[in-house]
Undergrad: 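Input: one structure, supplied below.
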Amino acid sequence: MIDRLEKEVDMLERHLQVLKMVIENEPIGIVKMSNETGYPHHKVRYSLRVLEEENLIEPSSQGAITTERTSEFVDELDGKIDEIVEKMDGMKIEGAAEVES
């Protein structure tokens with residue numbers, strides 16, 4: 001049950017790392033991102049596709065670039081992550097009554 005969540009968080013981390021590289025190095029291509037992150041080309045390509053579908057990046061002849069929506073997303077990101085972390089903290093069972101076997 002928790003394994004799926006872990007995989008989703010790992011994938012989100014990769015997407016955000018790719019987005020950060022585009023923001024800091026635009027335009028930037030798949031090969032450079034793959035070399036700098038260590039992620040295989042197909043994973044970088046998938047992250048770029050997801051980011052493009054969210055209108056956070058767009059392709060150019062020199063590589064991926066940011067869009068008008070990117071800065072708004074980045075401005076809201078920390079708050080959204082904080083909300084999720086708070087929700088996850090509330091889901092912890094530790095400290096609850098001992099589970100009987």
Side-chain angles (χ1 to χ4, degrees):
M1 179 169 60
I2 201 82
D3 293 344
R4 276 198 323 243
L5 177 61
E6 238 180 321
K7 287 177 185 172
E8 286 291 325
V9 170
D10 288 344
M11 192 166 32
L12 177 62
E13 181 181 29
R14 186 180 76 234
H15 296 337
L16 293 176
Q17 188 174 2
V18 168
L19 178 60
K20 185 176 179 186
M21 288 190 74
V22 173
I23 291 168
E24 293 173 351
N25 303 291
E26 66 180 310
I28 186 169
I30 291 172
V31 173
K32 184 173 182 182
M33 280 190 260
S34 178
N35 290 341
E36 290 189 20
T37 62
Y39 293 127
H41 292 178
H42 71 278
K43 289 195 175 201
V44 172
R45 189 175 293 112
Y46 178 72
S47 290
L48 289 170
R49 185 170 50 241
V50 169
L51 294 168
E52 186 177 352
E53 287 171 2
E54 294 292 323
N55 294 319
L56 297 174
I57 64 162
E58 59 188 27
S60 76
S61 57
Q62 292 85 31
I65 58 173
T66 58
T67 66
E68 293 177 6
R69 168 130 169 65
T70 309
S71 64
E72 177 189 342
F73 174 82
V74 169
D75 289 345
E76 296 172 355
L77 180 63
D78 286 352
K80 287 184 179 187
I81 289 175
D82 288 343
E83 287 174 18
I84 293 167
V85 167
E86 190 175 313
K87 191 174 203 174
M88 297 295 289
D89 278 341
M91 296 168 72
K92 289 181 180 176
I93 296 178
E94 73 184 40
E98 297 249 343
V99 178
E100 293 181 23
S101 315

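Model, not experiment: these values are computed from the prediction.
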Undergrad: Name the atoms and distances for all side-chain donor-acceptor pairs under 3.5 Å in residues 42-58, with sequence neighbours left out.
TA:
from : atom 1 : to  : atom 2 : distance (Å)
S47  : OG     : R14 : NE     : 2.9
S47  : OG     : H15 : ND1    : 2.8
S47  : OG     : K43 : O      : 3.3

Undergrad: Should V18 and F73 be regarded as members of a common hydrophobic cluster, given that ILVMFWY residues are connected when their side-chain heavy atoms come within less than 4.5 Å of each other, either directly or indirectly?
TA: yes
Undergrad: If I take atom NZ from residue K87 and atom CE from residue M91, how far apart are they, to the nearest 0.5 angstrom?
TA: 8.0 Å
Undergrad: What about L19 and L77, same hydrophobic cluster or not, with Ile/Leu/Val/Met/Phe/Trp/Tyr joined at side-chain heavy-atom distances under 4.5 Å?
TA: yes
Undergrad: Could you tabulate the donor-acceptor pairs under 3.5 Å formed by side-chain atoms of residues 23-37, not counting sequence neighbours?
TA:
from : atom 1 : to  : atom 2 : distance (Å)
N25  : ND2    : M21 : O      : 3.0
E26  : OE1    : T66 : N      : 2.9
E26  : OE1    : T66 : OG1    : 3.1
E26  : OE2    : T66 : OG1    : 2.9
S34  : OG     : Y39 : O      : 2.5
N35  : ND2    : V31 : O      : 3.3
T37  : OG1    : M33 : O      : 2.8
T37  : OG1    : Y39 : N      : 3.1

Undergrad: Quick one: do I81 and L5 end up in the same hydrophobic cluster if we chain Ile, Leu, Val, Met, Phe, Trp and Tyr together by side-chain heavy atoms under 4.5 Å apart?
TA: no
Undergrad: Answer yes if M1 and I93 sit in the same cluster of Ile, Leu, Val, Met, Phe, Trp and Tyr residues linked by side chain heavy atoms under 4.5 Å apart, and no otherwise.
TA: no
Undergrad: Is the number of heavy atoms from other residues, nucleotides or ligands under 6.0 Å of E76 CD greater than 12?
TA: yes
